[in-house]
Every structure is written in structure tokens, then in C-alpha cells.
*Asks:* 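Just dropping this structure here.
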Amino acid sequence: MGRYNPKDAEPKWQARWTEAGAFEAKADANKEKYYVLEMFPYPSGRIHIGHVRNYAMGDVIARYKKACGFNVLHPMGWDAFGMPAENAAMQTGSHPATWTYSNIDIMRGQLKQMGLSIDWSREFATCDPEYYQHQQKMFLDFWEAGFAYRKESSVNWDPVDQTVLANEQVIDGKGWRSGAVVERRKLSQWFLKITDEAEDLLEALDDGRLEGWPDNVRLMQRNWIGKSKGLAMQFRFADATAPDGFEDGIEIFTTRPDTLYGASFIAIAPDHPLAAHFAQNDPALADFIIDCLKLGTSEEAIEKAEKRGYKLPLETGHPFDDRRLPIYVANFVLMQYGTGAIFGCPSGDQRDLDFARKYGLPVPPVVLPPDADPASFTIEDDAYVGPGTIFNSGFLNGLSTDDAIAAAIAKIEDMGLGQGVTQYRLRDWGVSRQRYWGCPIPAIHCEKCGIVPVPAKDLPVKLPEEADFSVPGNPLERHPTWKHVDCPACGGKARRETDTFDTFVDSSWYFARFAAPADDKPIEKAAADYWMPVDQYIGGIEHAILHLLYARYFTRMMKACGYSSVDEPFENLFTQGMVVHAVYKDVDGNWIFPEDVAEPTEEERTVFREKFLPLVQAEIYCAQETNELVLAHQIPHPDQSVRIELENTFGVSGHIGRASPISLSPESQNWLCTSANDKQRQMFESDVVPVVRYPIEKMSKSKKNVVSPEAIAETYGADAARWFMLSDSPPERDVEWTDSGVEGAWKLINRIWDAVSPAAGLLKAVDLSKSGGDDADKELRQMTHATIAGVTDDIDNFRFNKAIARIYEFMNALKKHGSAGDWARAEALGALTQLAAPFTPHLAEECWETLGGEGLVCDAPWPKADPALLKKDSVVLGVQVNGKRRGELEVAADADNAAVEQAALSDEAVKRHIDGKTVRKVVVVPGRIVNIVAT
RNA sequence: GCGGACGUGGCGGAACCGGUAGACGCAACAGACUUAAAAUCUGUCGGGAGCAAUCCCGUGGGGGUUCGAGUCCCCCCGUCCGCACCA
């Protein structure tokens, strides 16, 4: 018997599958379909081990469902627009398209090597004009249907690079490249009206349409949509001092009108019109506002910032009494939520409390917690946000918080100061991006006609091939010719929209395009009606909100415009964990592939210290204004943790970047990269350059979990890589790669082969369709059928790690029953091969062929467990005395409770423990446990 | 800061609806085979006490509910994901 050789077997079976067209999907109304889709990858360069895990999971499902008789669609494509290609263009001068398509070629090859059951004939990339032209067509329809509009919104503006920055490009409020302090700037941009669907998007989370989704994702979406009922009301200015245009006072929104008596100030957003009004004549306020806007646009940065305010020279009255409330411009109030103004109730909101303490404002308590004493209850450091009884609140006194909300709204409505409203946290979807590498938005700006759509006959609006990426900013905007176009309405001179779509638009409908990827309409309705919705969607939890919500919204727009018939795109959702391992960046802050990084030898370390270190230190100088040490080509480095590691690695003392105390980590090591670029080669006079390693998880520091799926596949085969990725960790949890684990997978592959290969032809030699098998082999047969039932159940529930553990147990049982008869062994080995097939498909084909199975194992029907063989005759129960396990009891599976109780009480160990005590109670849980309570 | 998750041996993890904690794998150790190594096979493997039978402790920490808690509740600590222009 020969050793299993994946290097021969894997390409061989991949070729057979292709020849047989085994995974090419054809719509067939007579067959029940099953659409398996993993979130498509961004072509970053190479397949990451995390991709392998993701696609291996989908592949298990796809192969399993095919074996179960479904007509399976399992396609693959590329989420190919995005910033990395443009950044690469800026760095290396290669065109984004060249970079992207060459990455796709590499990654396609790597994925094919993994033996995935993908219908490659449906492949496309979102940057193909053949794809994005349809996106443009749909957008025209959405626009016509009133789903798209333009409005002003804020962007991060880098004043030095003269460009819009993504949130991730803003580090500590500064531009990643220029280091300049970022400003918030308004631009007129395209939006899609996702808020129109807020209610339906929310309802579907609970009405059964998304039953196949995990609860936590539904909860996250519910919170994100953030429906709240509240009160929008006017606070009138005291003393009739209303500035021009603000005669009605300030409109605020609150979800807690029950706490109106607890109000001690009004706060408005820095970009609120009233703030702008006062800033005109108050330079200090203007400075304060500019300062607030320097936080950038990310909600996270705004919320984390220290709460600050600037008092305006006017006050409001209070609707219910004669109090006067100061008005502040406050950095934590968001203009885009509610009305951009709030009333502060410090006793009931931690933010408001912090603010009130800082500015010495009163803190009247108005909600009395259930067991508190109204005479002595005060707020100290913590606001009380829970339910309770209203007090110190005039006509609301004695009401519960809920009743008081209703009463306060009714009163304000009576007074004509406002009304109860439903509010959503969800904002409309801004789809404009000021970048080159995206789908052009098909609009034309004409001075006479305004903004007009590009006529459908003129689609696609293709990106210009030539573009200048040498400087930051939007290459479309400064392209010499591309944007100049005649107005389709009046024929006069006009200019193209130079914004491109957010890449979330590309990924919001690709799943529908897969139904008929070559069709000349965006979506071929018959095909889409057959294949949609996706039966099983698989992707990372990091997409729980944005991508999944946008795709759900897009599906609604597509239905409204007649493109498809489904309500929801994804019937079942599974969110897998990530594969974590250390990340590397070179001294310029560029990502380095783990496989290009090696731990240096002692000699290399010496060279590093003596040769590289002085070079790097020469690049360090003292930043003048802050007196901090900064790496010259690193000001500021985009990532604080890298800055810290740089310091540790290169031995710089003091602070790097913005002042924050650095904790030196003694484990810090110097890592070397073997793929230096020209600039680095020159700088270091070496092909080997230092890189900075920082672990995603602290625990992984000691582990050299640097890994390339390709290398694994070369050494052990794709099956071993797939098997290991699914074996140890539960799929929804993060996993860390270890080298030793894959060797275990490789061992198992050989064990399966060693079990099967001596039994060559066994499936031909016995007839499994007729009953057979000796009574002596019952134990093996029970194990075979228990394994079939268990693995099936585990796959159905995405418990791949458990399915794999069962296969290991089955292997152990097979060894124990090595002398069983041919019939039972044929049954066992056949089942083993089929159960392993979704995980290790190449090995399974090889085994199937050896055993003499009919056709390809990927076409063979899934084995069925015989219920008669799943029943156990006897069970072993644990026996507890006062909750502590004291013994074990084997009883017939159908023994009655009284008999079990008697047996338990007569157990020697039990007798010892109840000796001298009185038995008070005996709890018998059939099939599980006996607990004797004795005192 | 807000929202969501997670935390179990040396390691990855298992434990169904609250019912024998540690399945299965990795690593380690001991033995067999071998001139030797690798591979393979057999066995041991949470901590402590004991010759042993056996007993005590143990699921991030602290409380609680229960005949019984890794699992449920409250508080705390730590890690990860998302926060609308990363994809």
C-alpha cells in the first residue's frame, strides 16, 4: 500500500471535477436549489489563511448540500474596487487596474489550489466595466424612483494634501500622510434614502423574515437603526432675546421628556446654525468650533473626546417653570442626530453629569430609584439611568418613568411647543467618494440644466485608463479631459460627476448578479427568482452592520424597481470568527506579508544592531514644537501601536508621535523582511530590511504563526490545510494558526488512507443495498451510524470542529474493530469516506475510487443513519450525594425511576456518603443523573 | 464613550434545555519497533494530599438562585468586533 500523495492526487481530482463539470450550476425548476455564498474577498494580494477558513466552511456546506440532493450554486467573485489599489498606485506607480487584476490572478490560482467546489464560470470582479455598468443602470433607476438625492455632508479634509480622508486615514486627528490636523469640511454629495426603509428593515429583524440570522447580528442591527420614540420641542429664549432667524427658540430632541424638570442646560452641536450665528461676532467661539471640528467625522473620536462646551450669551426659559437654562455649544452633540440640540439632564445621563460637574451646573435629581429615600437621594458621581418614580417634577411627580414620558409629551403638545416623534439613529447612506478606483456615478453637472442623469444608452461611464496618481487627491477631478462632456439635455458644455460610489454599493447586489453573471440586464429575473435568496451566507462578524444592512436595503430598492422579487437577500447567515496572527509593517508603515518575514538569526541580529540601527536612528530628529522624538519619514505614523513598536524595536528613547507615556515591552524583537523594495534596499544597503511586528493578540507573541496557505498546501496538501482550519476552533470564534496543528491534520489524512487502502475494492465486494453484517459487528455498526447522525447534525449546525472530533473518534473505533466482517467494514469505510468528503474532498475521492465506490464521491448521495442502530441498550448515570459526584451506575436505557433510585441507594460509595444521615430527597433525571439529598 | 460578543488544563477546544467538567486534537512524558533518527504503535497526562481505596480544590474575580451552576441572575476585571469614507 502506497503512501497518500496529495501532490499527485489533488491536481488530479481537481481536473476530474472540472472535466465532469461537477460544480457548474444550472437552473433547474425540478430540483430544489441551494445557494451558498461566502462574502467575496478583496483582492489584496494573496490568500490569507482566514480566507481558507471562510471558504472551507462554505465549501463544506456546498458539498454537503449537493450530496443531500440540492441543486447547489456556489460562485466566487472579487470585491475589487477600493483604496488599497489607489494607495499602491501612489506608492509604486502601477495602475490600480493592473495591480488589482494581477492580484486577482494570483488569488484565483490559490483558491483553485484549495479544491473548492466553486462554479468558476460565474466569476466576475466589481471593477469590470461589464459589472459596474449595470450598477450605473440601477442607480439611474433608483435616482428616477426618488431613492437618491444630494445633500451637504461633512468629510475629513486634509488641508496639506488637499484631499478627503477616510476615517481610518485620520490618526489622532491628523492626516496619515501629511500629519496635518484634519478639518471637518462640507461637501455636496450623493445619498441613498435608506431611512425610508428604516421601519421595514427593523421589522424584518423580528417578524420571521430573518429567522436564520444569529441573534447578536439582529440585535446589533436593531440598535444601529435605533428607533426611539421621543419629543421634539422648542425651548424659547428668555427675555425675548431671540437672534434673527431663531425666533422659535431652539428645537431639541429627547427620548426622556420625563426628566424635563431635571434640565440644567441646553447643548447644541458645533455645526448647529445657532453656533455659526454667534461665531460671526465671537472669535473665541469661532476658534472653539474649529477646534471641535478638528476631531474629524468619526463618531468614535467625538464620543471619546473630553466633553467641552462654550457658553453662549443667551439663555432659554423652561417650559414648565420659571427657570433659565444656559446654552452651550458642546463637542459631544451630533448635528446629524435628532435636531442637533439637546437639553442636558445631569442626574439622568452620565455625559450630561460629567458636563454639569465640569461647568458647575446644578444637578437636580428627578428619577427616584425603586428603593431610594426621596429625602436623602442625591446624585454623586454616577447618573441614574434606570426606571423609577418621578419626583421634584411638578405635575409629573409620582408617575413611573414610562407614564411620565407620555404625560410630558401630551403637555408639551398642549402648549404648542412640540410633538412626540419617532426618531431613527440610522442616517441616509452617503455613497459619494472622491476617489478614482470606484464605479463612476453616472451624473452630469450642467450649469443650465442642473444635475442630469447620464442617458442609459451612454453607459457604461468608464473610468479613464490614464490617470495621475503621483499626488494625493482625486485623479478624476484633475484629469485633463475625462470630466468634460456635453450636457445630454441641452448639448452645452457640462462636466461629469467625479465622485465614485462607495464600495459598499458594489457589494450590495453582487449576490444577485451571480444568478446570471453574463446577462445584458443587471439582473436576469428568471435566474434570480430561481436562485435567490442566498440560502447560506457566510462572512465575518465585522460586517454585521454596514454591509449586511446596505445589502438588505439594496434588495428592497431592487424589488421596488422590478429587478428582483425577494424581500431579503440572505435566508441564513453565519458569521465566522477571524484567523488572527501577527501583523507586520515595514519602516514606511506598509503592510508586509507574513511569509516574507522571518525571525533573524543571531548573526543577522548583530548585523541589524550594528548596521541598521544607526541608519534608522539617523532618521530621528526632535520635533521642534513638542520636543518629542519623531521618526522623520514617519510623521506621524498611521498606527500608534506601530509607533510604539518602532520605538521598542529601534531603541529610541522618549516619545514618538503624540505625547503619551510609552511602556517598553521586553519581548520586542527585531524582525526581518526578505522582500525589500528599491527604496529600502538603497536605504539599508541590503536585501533584508527590518520590519515591525506587532501581535493582534498578546498571547500570540511567543508563537511564530506566520503562515501562507500556499506553503501549507505545498507541504501537506490543500486537504490538510482545510481540515486543520476547521478542526480545532468553533467556526464563530477567532482562531490562531499554529504549525503543529496542521501536522496533526496531515497525520489524520494518512490514518484515513491507511485505513482505507488495504480495503481496496471492498465496496464492490459486498452489497450494501442488502442487509448484512454480523451481530458480532453490531458495536461497529452502531458507531458508524452514530457518527453519520452526529456529523450530519454538526454540519447542519455549523459545528465543524465537533464533526471533525467525531471523525477522529470514529477512526479510533475503526481501529478497535479492525477484525470486523467485510460487510460492516465496507459500511464503515464507505461512510467514513463520505463524511470526510466535504472536509477533505481530494482524499475522499482517492478513497472512494480505491474502495470501488460508484462515480465521484462528490456526486454520491449523503449517507443516512439507521434509527434502529442509534438506540442504546444501557446508559451510565452519575450518582451524586448532595450535588457531588460519588459514583456511577449502569442501568437499562428504559429503566424506571424507582428502580434507578433503588440501585443508586444501594451503591457502595453512595452508602458510605449517606451513612448516618437522613435521605431527604432523591432527584432522578432519566438518562442523566441521580442526586441524593441527605443531611 | 456607545453597541455586540467572548473568557474552561501547558495549548486549541468539548460539555445538548441547569444534570458525571476536560470529549477530540496538539504539545509533553514513558515504553515498543529501529544500528540510529523520522514515521508508526501502546500508555500517562487539571492542581493538591495519600502506599492505596479515596478525599479536597478547580471553568477570569466576587456575590446570588437551585437538590445540582462552566451554563441562569447581579457586580467587577480582561480581550476582541463595530461605530456610518478600511473592506
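Remember, predicted model here, so these are calculated numbers, not experimental data. Every chain is numbered from 1 and lettered A, B, ... according to where its sequence line falls, protein lines coming before strand lines.
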*Asks:* Please classify B/rG63 as syn or anti, treating any glycosidic angle within 90° of 0 as syn.
*Replies:* anti
*Asks:* From B/rC55, B/rA21, B/rC83, pick the nucleotide closest to the side chain of A/Gln880?
*Replies:* B/rA21
*Asks:* Report the nucleotide, chosen from B/rA84, B/rC85, B/rA21, that has the shortest atom-to-atom distance to any side-chain atom of A/Arg885.
*Replies:* B/rA21
*Asks:* Any idea which of B/rC83, B/rC86, B/rC85 is nearest the A/Arg433 side chain?
*Replies:* B/rC85
*Asks:* Hey, are A/Glu197 and A/Arg552 close enough for a salt bridge, meaning a charged N less than 4.0 Å from a carboxylate O?
*Replies:* no
*Asks:* Does B/rA28 have a Watson-Crick or wobble partner in any strand here, with both distances under 3.5 angstrom, and which is it?
*Replies:* B/rU44
*Asks:* Side chain of A/Arg733 only, heavy atoms from C-beta on: which candidate in B/rG25, B/rA87, B/rG13 is closest?
*Replies:* B/rG13
*Asks:* Is B/rC17 in the syn range, within 90° of 0, or in the anti range?
*Replies:* syn
*Asks:* Starting the side chain at C-beta, find the nucleotide from B/rC16, B/rA39, B/rA5 nearest to A/Arg3.
*Replies:* B/rA39
*Asks:* Any sub-3.5 Å donor-acceptor pair from A/Asn931's side-chain atoms to A/Gly883's backbone N or O?
*Replies:* yes
*Asks:* Think A/Lys307 forms a cation-pi with A/Phe355, using NZ or CZ under 6.0 Å from the six-ring centre and within 45 degrees of its axis?
*Replies:* no
*Asks:* Report the distance from atom CD1 of A/Ile545 to atom P of B/rG3, rounded to the nearest whole Å.
*Replies:* 12 Å
*Asks:* Among the candidates B/rG19, B/rC85, B/rC81, find the nucleotide nearest to the side-chain atoms of A/Glu542.
*Replies:* B/rC81
*Asks:* Over all strands shown, is A/Thr503 touching base, sugar-phosphate only, or nothing at heavy-atom distances under 4.0 angstrom?
*Replies:* sugar-phosphate
*Asks:* Can A/Glu86 and A/Arg433 be counted as an ion pair, charged N to O under 4.0 angstrom?
*Replies:* no
*Asks:* Calculate the interatomic distance between A/Lys816 atom NZ and B/rC24 atom P; express it in whole Å.
*Replies:* 12 Å
